[in-house]
Amino acid sequence: MREVKTISIDDNGKSLKIRVTPFDSYRGSFFMIKVGCLLGIPALSSALGSMTPENLVGKIASLTIKPTDAKSLLDELLGCCARVCDDGTTVELSPGTIAGQIEAPETVFLLWVAAFRASFDFFDGGKWSAFRDKLSSTYRQVA
C-alpha cells in the first residue's frame, strides 16, 4: 500500500493541510496509459527520462488536445487530495468542492503536482531508470 502523506500548502497566504493519497497500482498504471495516449508513447518515454513531475503536469495541462481530455486527467489527480480542516475532518477535493476550499488558481496546480509526485515517486532519484531496467528484463523473459 502506498503511503498517505499530509502536506502544507500556502493558499493566498493561508496555510492549508492537504492529505494526498497516491493512486493504487492499477489506477496509477491506467493513468500513465492515458497520459501515454495523449502525449504519444515515444513522447511520454522521452518526457519521463528528462522531465520533473512539475514539468510533466505542466505538459498535461497545456496539451493541444481537447481540453476535456486534459481536464479528466487533472481531475483524477485532484481526487487524490483532501483538505484537512481545523477540527480534523477532511473534505475530498474535486471540481465540485474545490471552489469552497481553495482560493488561488496556482494552488490547484500545486495540488496536481503533489498528487502526481505522491503517486509516481519513481521519477525521482534515478528510480525511472531502475523501472526501465525491470521492464526490459521482464520483456526479455517473455520474448
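We number each residue from 1, following the sequence as shown.
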When rounded to the nearest 0.5 angstrom, what distance separates [atom1] in [X] from [atom2] in [Y]?
| X | Y | atom1 | atom2 | answer |
| --- | --- | --- | --- | --- |
| Leu111 | Ile9 | CG | CD1 | 4.5 Å |
| Ser94 | Gln101 | OG | CD | 9.5 Å |
| Trp112 | Asp75 | CH2 | CG | 8.0 Å |
| Phe30 | Ser25 | CZ | OG | 14.0 Å |

> Are side-chain heavy atoms of Arg83 and Ile18 found at a separation under 4.5 Å?
Replying inline: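 SC-SC contact between Arg83 and Ile18 confirmed.
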> Do Ser72 and Lys34 have side-chain heavy atoms sitting under 4.5 Å apart?
Replying inline: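 Side-chain contact under 4.5 Å: no.
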I need the minimum non-hydrogen distance between [X] and [Y], along with the two atoms involved.
| X | Y | value |
| --- | --- | --- |
| Glu103 | Asp11 | N-OD2, 2.8 Å |
| Thr90 | Arg19 | CG2-NH1, 3.6 Å |
| Leu77 | Ala115 | O-CB, 3.2 Å |
| Ala114 | Val20 | O-CG1, 3.9 Å |

Applying the 4.5 Å side-chain criterion to the ILVMFWY set and letting contacts propagate, would [X] and [Y] be lumped into a single cluster?
| X | Y | value |
| --- | --- | --- |
| Val91 | Leu110 | no |
| Ile7 | Ile102 | yes |
| Val84 | Ile98 | no |

>> Is it the case that over 12 heavy atoms from other parts of the model lie below 6.0 angstrom from the CG atom of Asp86?
In response: no
> Does the Ser119 side chain pair with the main chain of Phe23, one donor and one acceptor, at a distance under 3.5 Å?
Replying inline: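 Yes.
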> Judged by atom type as modelled, is there a donor-acceptor pair below 3.5 Å linking the side chain of Thr97 to the main-chain atoms of Glu92?
Replying inline: yes
>> If we check side-chain contact (heavy atoms from CB on, under 4.5 Å) with Glu76, which of these qualifies: Leu74, Leu78, Leu73?
In response: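 Filter result, single survivor: Leu73.
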